[in-house]
S.K.: 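Take this structure, written in structure tokens, and hold onto it; I'll ask about it next.
The shown structure was predicted, so the numbers you read here are calculated from the model rather than taken from an experiment.
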Amino acid sequence: MLKVNNVEAVYSKMILALRGMSLEVPKGKIIALLGSNGAGKSTTLQSISGLLSSDGGQITDGTVEFEGETLNGKSPDAIVKSGIFHCMEGRHVFPHLTVEENLTAGAYTRKDRRNIQKDIDKIYGYFPKLRDLKKRPAGLLSGGEQQMLAIGRGLMAKPKLLLLDEPSLGIAPLLVEEIFENIKQINEEEGTSILVVEQNANVALKIADYGYIMENGRVVMQGEVDRLLEDDEVQNHYLGIGTEEDQKEVVYKSKQERMVW
Amino acid sequence: MKSILGKNLGNYRTSYRADMALLNSRNKKIGMVILLLVIFLLPMFASNYFIGLMTLCIISSIGAIGLNILTGFTGQISIGVGAFLGVGGYASAILTTSMGYSFWIALPLAGIITAIIGGLFGIPSLRLKGLYLAIATLAAQFVILFIIRRWVSLTNGTSGMVLQRPTIGDFALSSNTSYYYLSAIAFLLSAFYAINLVRSRTGRAFFAVRDRDMAAQIMGINLFKYKVMAFAISSFFIGIAGSLLAHYTMIVSPEFYEINVSIQYLAMILIGGLGSVFGSILGAFFITLLPVVLNIIVGSLSGILTDLSHILSAFEEFVFGAVIILFLIFEPGGLAHMWSNTVNYFKKWPFSY
Amino acid sequence: MDFFLQILVTGIVVGSIYGLVALGFVLIYRSSDVLNLANGEFVLIGGYVCLTIMTASNLPFIVALLITLVISVLLGFSVERLVIRPLKNAPVISIIMATIGLASLLGGLVHMVWGHRTRTFPQVFPSEPIHFGGLIITPVYLWSFITVLVLLVTFTLFFKFSKMGIAMRAVADDAKAAMSMGISVKNVLAVTWAIAAVVAAIGGTLLGMINGVGPIMATIGLTVLPVVILGGLDSIGGAIIGGFLIGIIQNLAGGYLDPMVGGGLKEVVPFIIVLLILLLKPYGLFGKGGAERV
Amino acid sequence: MKSKKFLSLIIGLVVLVFMAACGDDADGSGGSGDDQEVTIGTLADITGATGDTGTPYSEGQDHFFEYLESTGGIDGLDITHLSEDYAYEISDAQRIYQQYRDRDGVSAILGWGTGDTEALRQQVASDQIPFMSASYSENLKDLDESPYNFFVAASYSDQGRMVLEWIKDNHEGGDPTVALLYNDTGFGRSPIDDIKDYAEEIGVEIVDEQIIDLAATDAQSQLLNMEEHDPDYGIIQQTWAATTTILRDADTLDIDTQFIGLNQAVGEGLIDQAGDLSEGFMGVLTHALPYEDVPGMDEYIEYLDSQDMTVDDINMQHVAGWVVAKVMVEGVKNAADSTDGEITGEDVLAGLEAIEDLDLGGLAAPVTFTDELHAGTEEIRLGIVEDGQWKAITDYDSYR
């Protein structure tokens, strides 16, 4: 459904953030994109959703294809209309709008105004907490509640593909579990494809079907979740299993291996 | 380090002192000498009218340098320059006319008094940023002028005060040329001071405050001190400019210092280049001479468009606005940036890569 | 007592005009953090256009006003497109200066097109004052008061319930996130400027009926700044309440303090309030402000 | 590379300035024949704050000089008239003044408002250039401070004194009470102290003073305060806009004070702006109204005819401009008679001071200047608006 082919992206016309990034999201699946800080995960999502330009970046090479259509050069609002919704890192709810208004804003691109109220109720179904808070300005919500709102707001656009950027960031571990369960549930019930970017590989791999691991602006490893979970290197480096020394050594080794291509 | 051609291809400095020196290259030294010669020999070649214009330009330059220290260096926007020019002018008028001091004492005192009042108005800048500070200074503009109008016993109210041209012994600087020299000296001192300020500890603190004041504070820069200092130093220059202007026109009145004066000064530093001393000067010349140029253009067009001379001022206003907008959009670095681009282009010529 | 009430009423009706013009500032500031110092010129152009249409064509007032509003929409669009959009990433001072430049440009243009003379509006509202008990109100003032209330309600509903209204608030809150919703920030800004120009034109028309239309009218732009500061730059209700407050305070100062200080305080008192407000409550009575992150 | 284009545009402009600046020295010599040459510069406000009255005033001047030229000018004299709009901005006035003085070498200047007149009076004194403006401020009468300033009509103070005189003579029933309404500028405050002094002298009571801004949208609080003192008369020292505001709000508040405007509040423009509200408003007439049948109008109408204009196209400000130019030319004529060489500012000063009882054919009161007095007259008429027109109700008269 979504194909990112060999994308190269730069910021400020000089800082190379992606160097030949490729990935694929099949219909109805959850794909996890893992990697350490600065690996280019967020940039990947931004190149897909077109938000790259608002941070002064641009795609200089490669293509992003969605359902056979090239997205390169399309404006963010056109991309949302074609069915991709990007939940940005750090939640970015509208602090002065109420919860319900935030949800309405999510449905901005939809033409079927009549069904919006029904869908809002459905979101409350996924995230019952939000129903109690619906008149409250979103700025006053806790981090976890804001994250739920951000995801719910994304669903309001009825996207075919949901891009989630670090949904676990800055949220209490218990809530993280809950949110990821919700994500899974949404995927199953709505059939929405999901591309989730995470540093917290544990929770992400728990719900994902397939995973990519990024470093230095490109994919260094990919595979079915089960296979990734079994991989030593992934275990050491991303899942925090094994001793500290182990990790260092492995990282060092693996980097060297990988650099040769 | 000699290159094959036996010529230095660049400026190599072998000590910090050399690096910090004001005129750190031979070209700059030569340029400086030429500039000084041009400034001091100009009256021999140029017409009286041209000297008069240049006097206005360099007085404005002093004010523009002052404003740039505040707005360009330190990032504090002020829309109240007009009123501070007024404070300088009135201080000078009161000191010389009512209190009988000599101009030579009144000039620096006018600067100091303006600096004190400017510093006072700078205190709110600690809490106010950007737009809000701009509006506070705008309010200061109205309030200061109101006080000048009302404090009749001190300022003679709306009818203004009369000043005299300064004298050296028995010689009064009443000619265009003599006043030009006076202003030119004040101008050179101001420019020299401002260029040095940029390179000093204080200057760097100003830049830090501009770029991120909270971060600057964390780095140990005393925000309060430097913000108030920026207001004070900036106002000192503006006060000097106000005093020079007052003695040039030999009169002060509240109508001299309305809001449009503040806007002109802001336009000078924006078009000249924020944060650049050289830019302030270019901008001051540009804005002062703009109406003159338009006048000439309209005059030469008057054969075709006879009606245009009647709406000349409106046309000036229009062009003034358009120039500001065009600069902001196409050359936010201002004239100073254009200048350095041009210079760099010729430096590398013919190998521009 | 009559004296006090009359001054109060005058303050309220004058304040309603202030509120109306202040609304133009607030609308733009909310969605793009730009303080439009050319607002006064927008008011002026609105006044001139409506007056010109009315005197040139004998159209009924309402039709002339509607045409004026259409022209204002175009003005707003073009200003946004030509001046504001190219500066979207520029620092505050550049944008303040750009609107000052715009004010100068538009002011010059108005001079070139309409000349220098103050023109009077054809009579639209009866000039006979209305008496409420001992109180007296001129119909134009009454109408501007009603207009302001209508606009206040309209905008409140608009921002609360309409898709565009919510989108505008979303952009004001977080432009990038709004973009990710598929909201076209460019379009929203263009619409904002158009609405602000429309509000200004209504203000200009009403003001023109009170004082005639002449270049001096543009000074309302500066006169009203204290209102916006008092109410809070980003609060629509604040603009309107601030308008009333400044109108009332100004007239109370004029009524009670002016005789003591020898007059002239009426015009300065708003700016004294600005200094006080900025010192005590920088974001105004109803503004939201916001903490800055390092 | 749009910035490159922009750069070249700027460079082009800069080059233009310098070319222009250098080229200007050349002119000034080589006139026609043996005529004495004299240049007169006008500082006009066309687009500025006082443009509504400034424009007809400057047009009146232009028209007089054109008229003069069309009638063959003055024998042996070649008068050049320059006019530039300074938009009531002091910095512009300063620049244009320098240009007139240094580049064009003017021998006299026709100024306009209080702003430019005040701002330049020191400089014209030290540069010895007579400066004749429409700012009738009494303090310009002080020849120690303003030795080169002239004006042709009665000063604001004299106008105010005359109004008080008229009130005293014509008030019926009891002692008259008067309020003063003015703005907080040099222009507004100029006559106030003199009016108060004179009122005390002749025993008219000033019961109140109100300050109303030139751009005020309302004056209700001030008028309510004034009403507390219930004055019989209100003397207005304002421009048309503020006067209209006063008249409108007085009407709204049912105030029955008789308002009397000094000359800047008076004129056809007020009737245009205030409409019916101006009925019964009184004011000072310093000059003839265009539709009045006075001898001085003949040459005026002759000129207007040649321009396809009628008296309906002009107003009292236009007449004032015409008159001031006429008086100036008279002074220049005297100067030319007394000197053979170049006519300097000093010569014009002497020429103006030689003007005695210059009959303006009813366009204005006769003008006299001496080396002790640079205010041409103390005489004014009073007028009233009736049926949408100003009508004079007195003859030219002075308070003395």
S.K.: If we define contacts as heavy-atom pairs under 4.5 Å, which of D:Glu145, D:Glu89, D:Arg95, D:Arg121 has the most with chain B?
M.R.: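 Top count of heavy-atom pairs under 4.5 Å with chain B: D:Arg95.
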S.K.: Between B:Glu317 and chain D, which part of the residue has a heavy atom less than 4.5 Å away: side chain, backbone, both or neither?
M.R.: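 Neither part, no heavy atoms under 4.5 Å.
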S.K.: Less than 4.5 Å apart, any side-chain heavy atom of D:Ser91 and any of B:Gln264?
M.R.: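 A side-chain contact exists here, since the closest heavy-atom pair is under 4.5 Å.
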S.K.: Which answer fits D:Tyr97, side chain, backbone, both or neither, if we ask what part of it has an atom under 4.5 Å from a heavy atom of chain B?
M.R.: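 The answer is neither part of D:Tyr97.
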S.K.: Side chains of D:Gln94 and B:Phe256: closer than 4.5 Å at any heavy-atom pair?
M.R.: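 Heavy-atom side-chain distance check fails, nothing below 4.5 Å.
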S.K.: With a 4.5 angstrom heavy-atom cut-off, which part of B:Ile51 approaches chain D: side chain, backbone, both or neither?
M.R.: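 Answer is neither: B:Ile51 stays 4.5 Å or more from chain D.
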S.K.: Are D:Asp184 and B:Arg150 close enough that some pair of their side-chain heavy atoms sits under 4.5 Å apart?
M.R.: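 With C-beta onward as the side chain, the pair touches.
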S.K.: How about B:Asn176 and D:Arg101: do any of their side-chain heavy atoms sit closer than 4.5 Å?
M.R.: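 With C-beta onward as the side chain, the pair touches.
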S.K.: Measure B:Tyr248 against the heavy atoms of chain D and call it side chain, backbone, both or neither at under 4.5 Å.
M.R.: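 When you check distances to chain D, atoms from both the backbone and side chain of B:Tyr248 fall under 4.5 Å.
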S.K.: What's the spacing between B:Leu53 CG and D:Gln98 CD if we round to 0.5 Å?
M.R.: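 Reported to 0.5 Å precision, the distance equals 6.0 Å.
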S.K.: Taking D:Glu118 for the side chain and B:Gly160 for the main chain, is one N or O donor matched with an acceptor at less than 3.5 Å?
M.R.: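 Not confirmed, D:Glu118 side chain does not pair with B:Gly160 backbone.
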S.K.: Can you tell me if D:Gln307 has over 12 outside heavy atoms packed within less than 6.0 Å of its CD?
M.R.: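 Counting neighbours around CD of D:Gln307, more than 12 heavy atoms of other residues, nucleotides or ligands fall under 6.0 Å, so yes.
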S.K.: Counting only heavy atoms closer than 4.5 Å, note whether B:Ser253 contacts chain D via side chain, backbone, both or neither.
M.R.: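 Neither part.
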S.K.: Is it the case that atom CD in D:Glu342 sees more than 12 heavy atoms from other parts of the structure closer than 6.0 Å?
M.R.: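 Atom CD in D:Glu342 is not packed in, count stays at 12 or less.
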S.K.: For a 4.5 angstrom cut-off between non-hydrogen side-chain atoms, does B:Asn295 reach D:Glu84?
M.R.: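 A side-chain contact under 4.5 Å exists here.
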S.K.: Counting C-beta onward and ignoring hydrogens, is there a side-chain heavy-atom pair between D:Gln123 and B:Ile251 closer than 4.5 Å?
M.R.: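 They are not in side-chain contact.
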S.K.: Are any of the side-chain heavy atoms of D:Asp85 and B:Glu316 separated by less than 4.5 Å?
M.R.: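 Side chain of D:Asp85 against side chain of B:Glu316, heavy atoms only: no contact under 4.5 Å found.
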S.K.: Quick one: closest heavy-atom pair of B:Tyr49 and D:Gln99, and the distance?
M.R.: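 Looking at all heavy atoms of both residues, the shortest contact is CE1-CA, 3.2 Å.
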S.K.: Which bit of B:Glu258 is near chain D, if near means a heavy-atom gap under 4.5 Å: side chain, backbone, both or neither?
M.R.: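 It is neither, since no heavy atom gets under 4.5 Å.
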S.K.: Contact part of D:Asp127 toward chain B, heavy-atom cut-off under 4.5 Å: side chain, backbone, both or neither?
M.R.: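 Neither the backbone nor the side chain of D:Asp127 comes within 4.5 Å of chain B.
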S.K.: Just give me the residue among D:Ala119, D:Gly115, D:Ala87 that pairs up with chain B most often, heavy atom to heavy atom, under 4.5 Å.
M.R.: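 It is D:Ala119.
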S.K.: Determine, step by step, whether B:Ser47 and D:Arg103 satisfy the side-chain contact (heavy atoms from CB on, under 4.5 Å) criterion, reporting the C-alpha distance in whole Å, the side-chain angles of both residues, the deciding distance to 0.1 Å, and the verdict.
M.R.: CA-CA 8 Å; B:Ser47 70; D:Arg103 193 182 78 182; over 6 Å; no
S.K.: Side chain, backbone, both or neither: which part of D:Leu140 has an atom under 4.5 Å from a heavy atom of chain B?
M.R.: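 Contact with chain B: none, neither part.
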